A.B. asks: 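I'd like to ask you about the structure that follows.
By convention in this document, chain letters (A, B, ...) are assigned in the order of the sequence lines, proteins followed by strands, and residues within each chain are numbered from 1. Computed from a prediction, not measured in an experiment: that's the story for all the values here.
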Protein chains: 2
Amino acid sequence: MKQKILVVDDESETVELVAFNLKQAGYDVISAADGEEALKKAKAQLPALVVLDWMLPEMEGVEVCKLMRRDSATAGIPVIMLTAKASEIDRVLGLELGADDYLTKPFSPRELVLRIKKILERKKSKDADVQSLTMGELTIDVPRHLASWKGKKIDLTATEFKLLTLLVQRRGRVQSRDQLLRDVWEYDSMIDTRTVDTHMRRLREKLGPAAKFLDTVRGVGYRFVE
Amino acid sequence: MKQKILVVDDESETVELVAFNLKQAGYDVISAADGEEALKKAKAQLPALVVLDWMLPEMEGVEVCKLMRRDSATAGIPVIMLTAKASEIDRVLGLELGADDYLTKPFSPRELVLRIKKILERKKSKDADVQSLTMGELTIDVPRHLASWKGKKIDLTATEFKLLTLLVQRRGRVQSRDQLLRDVWEYDSMIDTRTVDTHMRRLREKLGPAAKFLDTVRGVGYRFVE
DNA sequence: CGCAAGTGTTACGAACGGGTGACAACATAC
DNA sequence: GTATGTTGTCACCCGTTCGTAACACTTGCG
């Protein structure tokens, strides 16, 4: 499954040059010639990354970048700016615009490909970290502290949420009660291991049909199965 | 403990060049001049990686690679292909052959060493991740606490699982009942050694056809054979 | 063959592990 | 203050699992 990259520039030569090199590097390329088209395609096709020319007719590249950041659908997409003015670099990378990298024209296509790879790689490892976890119909939004089953919210207490999150993060692998105590209750915990059982029960109660994911491995511990 | 690398090429100059550089880099090097010898040594010595020339007398390197992939003993060993034809690269890396990397001749020995390091590093972190033992059709996934035969799950109790895992980990070597008691039941179990027999029996029952791997060594103990 | 030691097989009571309901100790909200 | 929610603990219950003993079978040996 190739990653899609949107190239935005009004000069068709630049677009072609970039597109050729990116295709060579194994990416899917779509392009846009002006800001409006760029925004539309970005929102409709959700590329993995956008290469954006600073100077665009009518709506400036700057504007496109800002608007992309404002729309939650495109806010997370990395942007690389192409610019002729070295003096604008600070603004490009600053918070105002939030581009992820830049290149000054004329640029080497090879260099561009390398930077794209780097950014996508970084993003990938970050995504794996943050994780709003989705297990079929079960969703866990870690930063927001929300869990839901088939779109319906599940009310969980803090410990229950932590416990569930941990099990999901280590899905498949069996976790012993000691391990769970260490990682959910933080270490020390002079807490009885049977307490874990009680919490598992409460979790199962609240999860309802989704409780089938919580697997007991007798003599060992608990496990989240898909 | 040095990692062993098998270098396969019919030109002794190439072999020597590669061997010299690999030894310099801290690897143990064994070599083979043709496909048949390569397969034999690969299977017998289980090197950490194989450097394979595309062109070999009689049996092509391609063939060696395919056959290695087919044998479960060597299927997991990474292969780096040396080739003169840039046009064949896709095939080399594709699913058909499953080589892990390639270099076109003439190549820089330095480059080769770097790639080997990279591949072995990648493999290492991967192996640490999936701690599953595969013995032909029998698979034991320790962290998931799952055992299966020909893809079908086998329900084992905690002790049975431990016992099986231990035997598999020490496959080939006979384990006395005392040893098994110590290592599976932990501490100085005051347990009767005959208990082991009972558990072996239960294991064999549950394993069904896979029970043939569990070997009794009269007067000594038990052993897992391939 | 006959014996003894080693191993397989069977059966069973006891112990264990985990589900469950109840409850006290808190914390928090009202 | 009361009401409510959360959390750790306990006691009880039940099915599973385990260890053992008794018995049957196999093997090696004189």
A.B. asks: Which residues pass the side chain to side chain contact (heavy atoms under 4.5 Å, CB included) test with B:Gln45, sequence neighbours left out?
C.D. replies: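 B:Gln45: side chain to side chain contact (heavy atoms under 4.5 Å, CB included) contacts with B:Lys4, B:Ile30.
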A.B. asks: Strictly distance-based, threshold 3.5 Å: is any side-chain N or O of B:Ser148 a donor or acceptor partner for the main-chain N or O of B:Gly151?
C.D. replies: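 No.
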A.B. asks: Heavy atom of residues 161-180 of chain B under 4.0 Å from DNA chain C: which residues?
C.D. replies: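 Contacts with DNA chain C under 4.0 Å: B:Arg177.
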A.B. asks: Nearest-Å distance, CZ (B:Arg201) to C1' (C:dT7)?
C.D. replies: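 In whole Å, C:dT7 C1' and B:Arg201 CZ are 13 Å from each other.
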A.B. asks: Are any protein N/O atoms closer than 3.5 Å to N/O atoms in nucleotides 2-7 of chain D? If there are, list each pair with its distance.
C.D. replies:
unit_1 : atom_1 : unit_2   : atom_2 : d
D:dT7  : OP1    : A:Thr159 : N      : 3.3
D:dT7  : OP1    : A:Thr159 : OG1    : 2.4
D:dT7  : OP2    : A:Thr157 : OG1    : 2.4
D:dT7  : OP2    : A:Thr159 : OG1    : 3.1
D:dT7  : O5'    : A:Thr159 : OG1    : 3.2

A.B. asks: Can you sort out the partners of B:Ser12 under side chain to side chain contact (heavy atoms under 4.5 Å, CB included), two or more places apart, ordered by chain and number?
C.D. replies: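 B:Ser12 satisfies side chain to side chain contact (heavy atoms under 4.5 Å, CB included) with B:Glu16 once adjacent residues are dropped.
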A.B. asks: Strictly below 4.0 Å, N to O, side chains only: are B:Arg177 and B:Asp197 in salt-bridge contact?
C.D. replies: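 Answer for the salt bridge query: yes.
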A.B. asks: Output one letter per nucleotide in nucleotides 24-30 of chain C: B when a protein non-hydrogen atom lies under 4.0 Å from the base, S when only the sugar-phosphate is that close, - when neither is.
C.D. replies: -------
A.B. asks: Not counting sequence neighbours, which residues clear ring pair (Phe, Tyr, Trp, His ring centres under 6.0 Å) with A:Tyr27? List them please.
C.D. replies: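 None.
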A.B. asks: Under a 4.0 Å threshold between the charged nitrogen and the carboxylate oxygen, would B:Arg170 count as salt-bridged to B:Asp183?
C.D. replies: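 Looking at B:Asp183 and B:Arg170, the cut-off is met.
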A.B. asks: Classify B:Val196 by what it touches in the nucleic acid, base, sugar-phosphate, or nothing, heavy-atom distance under 4.0 Å.
C.D. replies: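 Nothing, no heavy atom under 4.0 Å.
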A.B. asks: Can you name the residues that form a ring pair (Phe, Tyr, Trp, His ring centres under 6.0 Å) with A:Tyr222, not counting sequence neighbours?
C.D. replies: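 Ring pair (Phe, Tyr, Trp, His ring centres under 6.0 Å) list for A:Tyr222, sorted by chain: empty.
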A.B. asks: Kindly give the atom pairs (protein nitrogen or oxygen, nucleotide nitrogen or oxygen) under 3.5 Å for nucleotides 21-29 of chain D.
C.D. replies:
unit_1 : atom_1 : unit_2   : atom_2 : d
D:dT27 : O2     : B:Arg218 : NH2    : 3.1

A.B. asks: Separation of B:Arg204 atom CZ from C:dT7 atom P, in whole Å?
C.D. replies: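 Answer to the nearest Å: 11 Å.
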A.B. asks: If the condition is side chain to side chain contact (heavy atoms under 4.5 Å, CB included), which residues does B:Lys153 pass it with, not counting sequence neighbours?
C.D. replies: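 For B:Lys153 the side chain to side chain contact (heavy atoms under 4.5 Å, CB included) partners, ignoring immediate neighbours, are B:Leu146, B:Asp155.
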A.B. asks: Looking only at heavy atoms, which two atoms of B:Ala38 and B:Val64 are closest? And how far apart?
C.D. replies: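 So the minimum-distance heavy-atom pair works out to CB-CG1, 4.4 Å.
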A.B. asks: What is the minimum heavy-atom distance between A:Ala147 and A:Leu156, and which atoms define it?
C.D. replies: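 Closest heavy-atom pair between A:Ala147 and A:Leu156: CB-CD1, 3.9 Å.
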A.B. asks: With DNA chain C as reference, determine whether B:Gly219 or A:Glu205 sits nearer its 5' end, using the nearest nucleotide of each.
C.D. replies: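 That would be B:Gly219.
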A.B. asks: If we fit an axis to the first five pairs and another to the last five of the helix from C:dC1-D:dG30 to C:dC30-D:dG1, what angle do they make, to the nearest 10°?
C.D. replies: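 Inter-axis angle at the ends, rounded: 20°.
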A.B. asks: Write down the atom of B:Ala48, the atom of B:Pro78, and the distance for their closest heavy-atom approach.
C.D. replies: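 Of all heavy-atom pairs spanning B:Ala48 and B:Pro78, the closest is O-CD, 3.1 Å.
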A.B. asks: What I want to find out is whether A:Glu37 reaches A:Lys41 closely enough, with some N-O distance under 4.0 Å, to be called a salt bridge.
C.D. replies: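 Looking at A:Lys41 together with A:Glu37, the answer is yes, because their closest N to O distance falls below 4.0 Å.
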A.B. asks: Is there a side-chain contact between A:Tyr222 and the phosphate of C:dG17, meaning an N or O under 4.0 Å from OP1 or OP2?
C.D. replies: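 No, outside the criterion.
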A.B. asks: Which heavy atom of A:Thr159 sits nearest a heavy atom of A:Val184, and at what distance?
C.D. replies: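 Looking at all heavy atoms of both residues, the shortest contact is O-CG1, 4.1 Å.
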A.B. asks: For the residue pair B:Trp185 and B:His199, categorise the inter-ring angle as parallel (less than 30°), tilted (30 to 60°) or perpendicular (more than 60°).
C.D. replies: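 The arrangement is perpendicular - the two ring planes meet at more than 60°.
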A.B. asks: Just grab all the ring-ring contact (aromatic ring centres under 6.0 Å, His included) pairs involving residues 156-178 of chain B, residues at least two apart or on different chains.
C.D. replies: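 Checked against ring-ring contact (aromatic ring centres under 6.0 Å, His included) - neighbours excluded - the pairs reaching residues 156-178 of chain B are B:His145-B:Phe161.
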A.B. asks: Salt bridge (Lys or Arg N to Asp or Glu O under 4.0 Å): which pairs involve residues 204-217 of chain A, sequence neighbours left out?
C.D. replies: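 Pairs touching residues 204-217 of chain A that pass the test: A:Glu160-A:Lys206, A:Asp215-A:Arg223.
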A.B. asks: Measure from CG on A:Leu203 to P on C:dG18 and round the result to the nearest Å.
C.D. replies: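 These atoms are roughly 17 Å apart.
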A.B. asks: Take atom CG of B:Asp215 and atom P of C:dT7, then tell me their distance rounded to the nearest Å.
C.D. replies: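 B:Asp215 atom CG is separated from C:dT7 atom P by 12 Å.
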